[in-house]
Chemist: 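I'd like to ask some things about the structure below.
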Amino acid sequence: MFNIPFFPTEASTTASRIDLLFFALMGIIMLFTALIFVGVIFFSIRYRRGSRASRKGATSENLKLELAWTIIPLCITMGIFIWASKLYFDMHVPPKNAMDVYVVGKQWMWYIQHPEGNREINTLHVPLGKPVRLIMTSQDVIHDFFIPAFRVKQDVIPGRYTTEWFQATKLGEYHLFCAQYCGTGHAQMVGKVIVMQPWEYEQWLAGKSSGVTMSSSGEQLFTQFGCVTCHRSDNTGRGPTLVGLFGKKVLLQTGQTVVADMDYIRESILDPRAKVVATYQPIMPTFKSQIDQAQLMQLIEYVKSLGGSQSASKGNKK
Amino acid sequence: MSTSGSENHTNYLNDGYGVKSWLLTTDHKRIAILYMISITLFFMIGGFFALVIRLTLLSPNGTLVSADTYNKMFTMHGVTMIFFFLIPSIPAVLGNFLVPMMIGARDLAFPKLNLLSWYIYVLGGIFTLSAMVLGGVDTGWTFYTPLSSGYSHTNVVPTVIGVFIVGFSSILTGLNFIVTIHKMRAPGLTWFRLPLFIWAHYATSVIQVLGTPVIAVTLALVGFERITGVGIFDPNIGGDPILFQHLFWFYSHPAVYIMVLPSMGIVSEVVTCFSQRKLFGYRQMAFASMAIAVFGFLVWGHHMFVSGQSVYAGMAFSALSFLVAIPSAVKVFNWTATLYKGTIRFNTPMLYAFGFIGLFTIGGLTGIVLATLPVDVHVHDTYFVIAHFHYIMVGGAVMGYMAGLHFWWPKITGKLYPEGLAKFSALTLFVGFNLTFFPQFILGYLGMPRRYHIYPPEFQVLNVLSTAGASILGLGYIIPFFYFMWSLRKGKVAGNNPWNAKGLEWLTTSPPPTFNFDKTPVVTEEAYAYPEEDLVGG
């Protein structure tokens, strides 16, 4: 859209919308800066000591003027606010058909898993023209997944999932930066995002795949950790069945209900007694020290594969 | 500092020469000098860290220092500059010196508390300095958890103890100002006759008293979690890392107004004096100061637009942040209007005030960019933010401090500094500042993250420009240091009122006598009652 030197590439659907807003802001800034600079310089020269310009009628009160320069900026900023809020909101609602990619940040690398089973470090391959939703968490401190060419940035936080989405519009390789200071290797926690043609992406997926999808890795873990002995698919186990659970409302012992989203499933694995399902006993042990963040994501992908409410899995919980 | 040259009247400087007469003084003016010396030391230390940062960034490969050292440099640059220089700078030096004088009082309401606040400052400084000497700290001045509370291996605890302690000095100064301004104004000096400098310090004091306890408790909790392992902020042990950010910014955003409000007060004094004109829109200016102090407490969440806080919280904080920009804009318009039909002189303080207006305008307007949610998503934690807040804190707060220092130096020391050299260095500072920080706006929009000691090579040109600017900026600070020192011995005698300024502080001798006024002044006119008559030819 723009070809200005010293300006970053626009490579996502959001980028051009943000830049447009940014240019509008720059226009306003330049206007007001010019107003002030010209005012200060003009008055300083015209009314310098020794100048013969008339000082008659000087006043130090003018309510109309005060109101004008209070209300006009107020209206301008509220206009920006509305424009900006709409865009910000859109940036937090991924399209329904967005494909998920899982990201774990840790000091000091990015570990990325595609549901198809591909894993990569500090590199993210995405197809052109398809919305991608990143589901992210951190294993240690707060990180931030920042792709300047896409104009997206989101903190990656330990103890919960955050998401960001984008739709690439331009083939190429782009910078990936960790934007939240995270200790010694912060500046090395960088990588690239590679935008490919969809068919190239399919080839890449097939070529690099381990052959085991995330959900089947999750299923293996489900057996390996013995989850399957209690969470039986026919609902006869000591724990509730997970079939059809994802995104549904769950009634808890306390009488509250909670939506079985990613954060809930994660919490129930790490801290099972925090929210126990009604009619079940709090007998499940924690798996905190046995399962890492990447495996948790595989388990969640497995639970998702057991069916549930599709809208909840795509809609942002925020 | 203890000589007063050719002055023959008794004043606060020649009223006792011994070390004890300084270290045990309760005279607000001497305490102001103690503060001035201490914050200048911290400014030099913080400036040294900045130098290392800029030199490292000359090369994209970060060859000068290691990653760990670089991380410590920007952390300690932030900690010293913010907690030990900017926050105390104007209130504890110029405010301390001038608040009692401007309201016609003998001293602050609690002179001993005032001295105590300096000792607390020194104690906090010792803790933080020792943390640096012991090997430094690398959490960033923002101390984000769980990095600071669990993962960093550096001296976090002594540093936060230092910041915790120095907070009390800030609270005591604020408390002292509030009581003094309420109870000790000269006869006839009603609220709406107060100079804007006093209004600004009143607003600042409110923030200091209400905000500082929050940062103190927050940092204490970081230390507590670090030592005991009780989960407050680290999610691995049951804490919430975002809670820290809320608490931290609840103070640290208003802290920006602690830095810049007093500067605005100074600019109001300087602009009126060198325009020989009443301040345009006095009441609006006073209300704007208070509005900034109040609204300033409601906008902390704009530091957290990408932190994972809810979209609706983001929107609320964005709207409130736009609102807080309005009183600042009103102030800039009023200063500009004050020039209209004035009789303008271009002395050094006025040049600094112009510098303030220009740079603060850019800093404030780029703040609007940051309040704009989607744009902030892109520029958050990049050099755009660094550039923005340096325009506010250096372009605004420090320019204002320099304006004030040059404006009241003749009053404080009784001596004049060399005007030509001072103008030259004001210009140097302005040019150097813009060359340092303007390229950083571009770097930020290009996507260069902050706190990177290595970076992709395409960012190098702008970084080299920035470092070049910083060397000019450094010169702009070094020259005043020398001519101020020089002026103490060799400067011309200033006289009581070298600028033909209004205000009670100019009625007394320079340097002022120990109790400021021989006789309590009676105020019969509004602030800045410069003659409204035609003064062509001055």
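Every chain is numbered from 1, with letters handed out A, B, ... down the list of sequences.
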Chemist: Please flag which part of B/F305 lies under 4.5 Å from any non-hydrogen atom of chain A: side chain, backbone, both or neither.
Modeler: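 Contact with chain A: backbone and side chain both.
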Chemist: Given heavy-atom pairs under 4.5 angstrom as the criterion, report whether the side chain, backbone, both or neither of A/M30 touches chain B.
Modeler: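 Neither part.
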Chemist: Taking side chain as everything from C-beta outward and backbone as N, CA, C, O, which of these in B/V379 sits under 4.5 Å from a heavy atom of chain A? Side chain, backbone, both or neither.
Modeler: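 The backbone, not the side chain.
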Chemist: Taking all atoms of both residues into account, what is the closest heavy-atom pair of B/M350 and B/S275, and its distance?
Modeler: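 Shortest heavy-atom separation between B/M350 and B/S275 comes out as CE-OG, 3.8 Å.
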Chemist: In terms of heavy-atom proximity below 4.5 Å to chain B, should A/I157 be classed as side chain, backbone, both, or neither?
Modeler: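 Just the side chain, heavy atoms under 4.5 Å.
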Chemist: Using 30° and 60° as the class limits, which term best fits the ring planes of B/F333 and A/F32: parallel, tilted or perpendicular?
Modeler: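 If you compare the ring of B/F333 with that of A/F32, the planes turn out tilted.
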Chemist: Could you tell me which of A/L65, A/L87, A/I28 has the largest number of non-hydrogen atom pairs under 4.5 Å with chain B?
Modeler: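 It is A/L87.
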Chemist: Sort B/Q245 into side chain, backbone, both or neither according to what part of it lies under 4.5 angstrom from a heavy atom of chain A.
Modeler: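 Just the side chain, heavy atoms under 4.5 Å.
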Chemist: Using non-hydrogen atoms and a 4.5 Å limit, figure out which bit of A/Q107 sits close to chain B: side chain, backbone, both or neither.
Modeler: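 Answer is side chain: those atoms of A/Q107 sit under 4.5 Å from chain B.
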Chemist: With a 4.5 Å cut-off on heavy-atom pairs, point out which of B/V369, B/I368, B/D234 contacts chain A the most.
Modeler: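 Among the listed options, the one with the most contacts to chain A is B/V369.
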Chemist: Please find the pair of heavy atoms, one from A/M78 and one from B/A319, that lie closest to each other, and give the distance.
Modeler: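 Smallest interatomic distance, heavy atoms only, reads CE-O, 4.0 Å.
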Chemist: Determine, stepwise, if the pair B/F384 / B/H388 fulfils ring pair (Phe, Tyr, Trp, His ring centres under 6.0 Å).
Modeler: CA-CA 6 Å; B/F384 194 94; B/H388 156 73; 7.7 Å; no
Chemist: So which heavy atom on B/G136 is nearest to which on B/T154, and how close?
Modeler: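 So the two residues come closest at O-CB, 3.4 Å.
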Chemist: Is any side-chain heavy atom of B/F354 less than 4.5 Å from a side-chain heavy atom of A/S44?
Modeler: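 SC-SC contact between B/F354 and A/S44 confirmed.
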Chemist: Check step by step if side-chain hydrogen bond (donor to acceptor under 3.5 Å, both in side chains) holds for B/W335 and B/S268.
Modeler: CA-CA 7 Å; B/W335 289 319; B/S268 296; 3.0 Å; yes
Chemist: Please classify the contact between A/E61 and chain B as side chain, backbone, both or neither, with a heavy-atom cut-off of under 4.5 Å.
Modeler: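 Its backbone and side chain both get close to chain B.
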Chemist: Restricting to non-hydrogen atoms, name the atom on B/P235 and the atom on B/P146 that form the minimum distance, rounded to 0.1 Å.
Modeler: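 Closest pair (atom of B/P235, atom of B/P146, distance): CD-CG, 4.4 Å.
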Chemist: Does any backbone or side-chain atom of B/L339 lie under 4.5 Å from a heavy atom of chain A? Answer side chain, backbone, both or neither.
Modeler: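 When you check distances to chain A, atoms from both the backbone and side chain of B/L339 fall under 4.5 Å.
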Chemist: Does any backbone or side-chain atom of B/L462 lie under 4.5 Å from a heavy atom of chain A? Answer side chain, backbone, both or neither.
Modeler: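 For B/L462, side-chain heavy atoms alone lie under 4.5 Å from chain A.
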Chemist: Check this for me: does any side-chain nitrogen of one of A/E10 and A/K170 sit under 4.0 Å from a carboxylate oxygen of the other?
Modeler: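 Salt bridge absent between A/E10 and A/K170.
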Chemist: Heavy-atom distance under 4.5 Å to chain A: side chain of B/F459, backbone, both or neither?
Modeler: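 The answer is the side chain of B/F459.
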Chemist: Quick one: of A/W83, A/F89, A/F43, who has the most non-hydrogen atom pairs under 4.5 Å with chain B?
Modeler: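 When all of A/W83, A/F89, A/F43 are compared, A/F43 has the most.
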Chemist: Go through the atoms of B/S307 and report whether side chain, backbone, both or neither lie under 4.5 Å from a heavy atom of chain A.
Modeler: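 Answer is both: backbone and side chain atoms of B/S307 are under 4.5 Å from chain A.
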Chemist: Would a 4.5 Å heavy-atom cut-off, applied to side chains only, mark A/Q180 and B/D381 as touching?
Modeler: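 A side-chain contact under 4.5 Å exists here.
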Chemist: At a heavy-atom separation under 4.5 Å, does B/T145 approach chain A through its side chain, its backbone, both, or neither?
Modeler: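 When you check distances to chain A, only backbone atoms of B/T145 fall under 4.5 Å.
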Chemist: When the ring centroid of A/Y174 is compared with that of A/F150, is the distance short of 6.0 Å?
Modeler: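 Distance test on ring centres: under 6.0 Å, yes.
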Chemist: Does the side-chain hydrogen bond (donor to acceptor under 3.5 Å, both in side chains) test come out yes or no for B/D138 and B/T75, once each step is laid out?
Modeler: CA-CA 6 Å; B/D138 74 345; B/T75 302; over 6 Å; no
Chemist: For B/I326, is it the side chain, the backbone, both, or neither that has a heavy atom closer than 4.5 Å to a heavy atom of chain A?
Modeler: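 Side chain only.
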Chemist: At a 4.5 Å cut-off on heavy atoms, which part of B/Y340 comes close to chain A: side chain, backbone, both, or neither?
Modeler: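 For B/Y340, heavy atoms of backbone and side chain both lie under 4.5 Å from chain A.
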Chemist: Does any backbone or side-chain atom of A/N62 lie under 4.5 Å from a heavy atom of chain B? Answer side chain, backbone, both or neither.
Modeler: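 Both backbone and side chain.
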Chemist: Which bit of B/D240 is near chain A, if near means a heavy-atom gap under 4.5 Å: side chain, backbone, both or neither?
Modeler: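 It is neither, since no heavy atom gets under 4.5 Å.
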Chemist: Which one, A/V152, A/I142, A/D90, leads in non-hydrogen pairs under 4.5 Å with chain B?
Modeler: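 The option with the most such pairs is A/I142.
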Chemist: For B/L446, is it the side chain, the backbone, both or neither that has a heavy atom under 4.5 Å from a heavy atom of chain A?
Modeler: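 Both parts, backbone and side chain.
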Chemist: Please tell me whether B/F438 and B/F441 form a close aromatic pair, meaning their ring centres lie under 6.0 Å apart.
Modeler: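 Yes, ring centres under 6.0 Å apart.
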Chemist: By a 4.5 Å heavy-atom criterion (distance strictly below it), what part of A/F146 contacts chain B: side chain, backbone, both, or neither?
Modeler: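 Contact with chain B is through the side chain of A/F146 alone.
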Chemist: Using non-hydrogen atoms only, which part of A/I29 is less than 4.5 Å away from chain B: side chain, backbone, both, or neither?
Modeler: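 Both backbone and side chain.
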Chemist: Name the member of A/S85, A/G39, A/G57, A/P73 that forms the most heavy-atom pairs with chain B at distances under 4.5 Å.
Modeler: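 Highest number of heavy-atom pairs under 4.5 Å: A/S85.
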Chemist: A/F81 versus chain B, heavy atoms under 4.5 Å apart: side chain, backbone, both or neither?
Modeler: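 Interface part for A/F81: both.
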Chemist: Which one of B/T361, B/I454, B/V377, B/I442 has the most heavy-atom pairs closer than 4.5 Å to chain A?
Modeler: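 It is B/V377.
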Chemist: Could you tell me which portion of B/S321 (side chain, backbone, both or neither) has an atom closer than 4.5 angstrom to a non-hydrogen atom of chain A?
Modeler: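 Neither; nothing under 4.5 Å.
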Chemist: Classify the ring geometry of B/Y445 against B/H378: parallel below 30°, tilted from 30° to 60°, perpendicular beyond 60°.
Modeler: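 Answer is perpendicular, since the angle exceeds 60°.
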Chemist: Please indicate whether A/F37 has more than 12 foreign heavy atoms, meaning atoms of other residues, nucleotides or ligands, lying under 6.0 Å from its CZ.
Modeler: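 Enclosed.
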Chemist: Tell me which of these, B/T142, B/L147, B/I357, B/V330, has more heavy-atom pairs under 4.5 Å with chain A than the rest.
Modeler: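 Most pairs with chain A among the choices: B/L147.
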Chemist: With the side chain counted from C-beta on, respond yes when B/Y528 and B/L196 share a heavy-atom pair under 4.5 Å apart, and no when they do not.
Modeler: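 Sidechains of B/L196 and B/Y528: in contact.
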Chemist: For B/F244 and B/F248, take the angle between the two ring planes, folded into 0 to 90°, and tell me which bin it lands in: parallel under 30, tilted 30 to 60, perpendicular over 60.
Modeler: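 Correct class here is parallel.
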Chemist: Does the side chain to side chain contact (heavy atoms under 4.5 Å, CB included) test come out yes or no for B/E458 and A/H175, once each step is laid out?
Modeler: CA-CA 12 Å; B/E458 67 258 34; A/H175 286 301; 2.7 Å; yes
Chemist: For B/F233, which atoms come within 4.5 Å of any heavy atom of chain A: side chain, backbone, both, or neither?
Modeler: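 Neither part, no heavy atoms under 4.5 Å.
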Chemist: Side chain, backbone, both or neither: which part of A/V156 has an atom under 4.5 Å from a heavy atom of chain B?
Modeler: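 Answer is neither: A/V156 stays 4.5 Å or more from chain B.
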Chemist: Report which part of A/I82 has an atom under 4.5 Å of a heavy atom belonging to chain B: side chain, backbone, both, or neither.
Modeler: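 Neither part.
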